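If you're wondering where the values come from, they're calculated on a predicted model, not measured in any experiment. Just so it is clear, the values below take in all heavy atoms, side chains as well, and ignore hydrogens, waters and symmetry mates. The first residue in the sequence is number 1, and the count goes up from there.
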Amino acid sequence: MKLSELCKEINLPQDVTERVLDEEKQMKAQNKNTVPTDLTSQLLRVCETHTKYLNKGIDEKIFTDTMKCFTRFIKECKDRTGKAEFDRGWWTHRQINMVLFRIGELEYELTQFQGGNAVSVHIPSDAVFTPEKVDKSQKQAEEFMAEFYPDYKDVEYFCESWLLSPRLGEIVKETSNIAKFQKRFRIVEDLPDDKEYMEWLFGAKADTPVQELPENTSLQRKVRELLANGGNLGAAVGIREKMR
């Protein structure tokens with residue numbers, strides 16, 4: 001796959017695409033003054049990863065959905081800072097090295113947990129979080145593992161997230177998608193001091209004063225109230241209950 005094709009496939013913003021392709025052009029011209037950015041370097045590696053997907057027989061849609069993380073991260077950065085920059089180079093080696101895949105609405109990472117092979121479940125910021133969509137994603141993920149990574153067939157699926165926080169369970173309605181997602185997991189570790197939710201829920205740094213946090217949604221308002229009263233949302237680690 002050519003870099004230009006990849007940029008189009010993952011819907012990379014036009015201005016970012018132009019910068020990336022210009023860097024590639026300078027590299028091919030062996031311009032000694034050209035030092036490619038982390039984004040360009042990683043996207044060139046993604047083009048190589050595409051060949052590995054083809055050789056393994058993994059569906060093209062899973063490749064595209066997985067690598068759209070680059071586009072998503074750039075958008076998230078722009079939403080936070082006003083600048084369309086790539087600041088997740090420390091994370092995307094997982095996608096490049098084919099240990100993390102976007103399958104439907106969720107992401108699944110091949111890893112270790114409690115001494116054995118396991119699959120870590122991640123919730124992308126653009127996931128449609130309905131029970132039906134989550135069910136479909138989980139079923140597809142199990143089929144994917146059985147076909148392409150048999151060492152991860154019938155292993156534990158676990159999740160570490162602020163969305164599993166017991167404090168959050170006390171805030172949201174039982175009929176909410178969050179509450180229904182929590183019920184899929186058996187909590188094995190509470191992380192009451194964790195503050196990762198500040199980025200994902202508020203788009204803010206962990207030390208942002210309560211009065212500066214946005215309150216555009218009912219969930220933001222409820223968590224803001226929790227913080228104002230001296231509490232903290234935290235996070236939790238849960239093991240997914242076996243699918244029926």
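- Counting non-hydrogen atoms of other residues, nucleotides and ligands closer than 6.0 Å to NZ of K222 gives a total above 12.
- L168 and W200 fall within a single hydrophobic cluster, where Ile, Leu, Val, Met, Phe, Trp and Tyr side chains are chained together by heavy-atom contacts under 4.5 Å.
- Counted by atom type alone, E60 and H50 present one or more donor-acceptor pairs between their side chains at under 3.5 Å.
- Looking at heavy atoms from C-beta onward, L191 lies out of side-chain contact with E196 at the 4.5 angstrom threshold.
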Q | Audit row: E76, R88, salt bridge (charged side-chain N to carboxylate O under 4.0 Å, His left out) steps and yes/no | A | CA-CA 10 Å; E76 290 170 354; R88 299 293 173 85; 3.6 Å; yes
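- Between the side chain of E156 and the backbone N or O of Q112, no donor-acceptor pair lies under 3.5 Å.
- Contact check for I10 versus L43: side-chain heavy atoms found under the 4.5 Å cut-off.
- Residue E174 qualifies as open at atom CD: its count of foreign heavy atoms under 6.0 Å is 12 or below.
- Without hydrogens or angle criteria, Q42 side chain to G89 main chain gives a donor-acceptor distance under 3.5 Å.
- R102 and T66 get closest at one heavy-atom pair: N-OG1, 2.8 Å.
- Side chains of E9 and T64: a donor-acceptor N/O pair is present below 3.5 angstrom, by distance only.
- Between R224 and Q211, the closest heavy-atom pair is NH2-O, 2.8 Å.
- No side-chain heavy atom of L213 sits under 4.5 Å from any side-chain heavy atom of V223.
- I123 and I239 fall into different hydrophobic clusters, where Ile, Leu, Val, Met, Phe, Trp and Tyr side chains are chained together by heavy-atom contacts under 4.5 Å.
- In this structure, V134 is a member of the same hydrophobic cluster as I187, with clusters built from ILVMFWY side-chain heavy atoms closer than 4.5 Å.
- Annotation for W91 and H122: closest pair CH2-CE1, 3.6 Å, computed over non-hydrogen atoms.
- Considering every non-hydrogen atom in both L44 and E24, the closest pair reads CD2-OE2, 4.0 Å.
- A side-chain donor-acceptor contact under 3.5 Å links E105 to the backbone of V128.
- Under a hydrophobic clustering in which Ile, Leu, Val, Met, Phe, Trp and Tyr are joined whenever their side-chain heavy atoms come within less than 4.5 Å, directly or via other members, L54 and M1 fall into different clusters.
- Of all the heavy atoms in M198 and T208, the pair that sits closest is CE-O, 3.9 Å.
- For the pair M145 and D154, the minimum side-chain heavy-atom distance is 4.5 Å or more.
- When all heavy atoms of Q220 and L201 are compared, the closest pair comes out as NE2-O, 2.9 Å.
- I178 places a side-chain heavy atom less than 4.5 Å from the side chain of L219.
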Q: For side-chain contact (heavy atoms from CB on, under 4.5 Å), just list the numbers for L39 and R19, CA-CA rounded to whole Å, side-chain angles, deciding distance to a tenth of an Å, and then say yes or no.
A: CA-CA 10 Å; L39 176 60; R19 294 202 305 266; 5.7 Å; no
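- Using a 4.0 Å cut-off between charged nitrogen and carboxylate oxygen, K139 and E143 count as a salt-bridge pair.
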Q. Checking salt bridge (charged side-chain N to carboxylate O under 4.0 Å, His left out) for the pair R184/D135: CA distance, chi angles, key distance, verdict?
A. CA-CA 10 Å; R184 297 173 184 269; D135 281 343; 2.8 Å; yes
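- Q14 and E18 share a donor-acceptor pair across their side chains, judged by distance under 3.5 Å alone.
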**Q.** side-chain contact (heavy atoms from CB on, under 4.5 Å) between V155 and F113, worked out
**A.** CA-CA 10 Å; V155 300; F113 183 68; over 6 Å; no
Q: Test Y149 against Y108 for ring pair (Phe, Tyr, Trp, His ring centres under 6.0 Å), laying out the working first.
A: CA-CA 12 Å; Y149 294 92; Y108 301 88; over 10 Å; no
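- At distances below 3.5 Å, not a single donor-acceptor pair connects side-chain atoms of E109 with backbone N or O atoms of R94.
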Q: Given side-chain contact (heavy atoms from CB on, under 4.5 Å), test V46 with F70 step by step and report yes or no.
A: CA-CA 10 Å; V46 170; F70 288 90; 3.7 Å; yes
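- Looking at F86 and V16, their side chains never come closer than 4.5 Å, going by heavy atoms from C-beta outward.
- Within 6.0 Å of atom CD in E225, 12 or fewer heavy atoms from other residues, nucleotides or ligands are found, so the atom counts as exposed in its surroundings.
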Q: In sequence, state the C-alpha distance, the side-chain angles, and the governing distance for R80 and E199, and then conclude on side-chain contact (heavy atoms from CB on, under 4.5 Å).
A: CA-CA 9 Å; R80 289 195 312 271; E199 176 181 353; 3.5 Å; yes
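- F144 is not connected to F158 by any chain of hydrophobic side-chain contacts under 4.5 Å among Ile, Leu, Val, Met, Phe, Trp and Tyr, and they are in different clusters.
- Surrounding NZ of K133 are at most 12 heavy atoms belonging to other residues, nucleotides or ligands under 6.0 Å away.
- Using a 4.5 Å heavy-atom cutoff, the side chains of V99 and T111 are not in contact.
- Neither side chain, N232 nor R167, offers a donor N or O lying under 3.5 Å from an acceptor on the other.
- By the 4.5 Å heavy-atom criterion applied to side chains, E142 and Q138 are not counted as neighbours.
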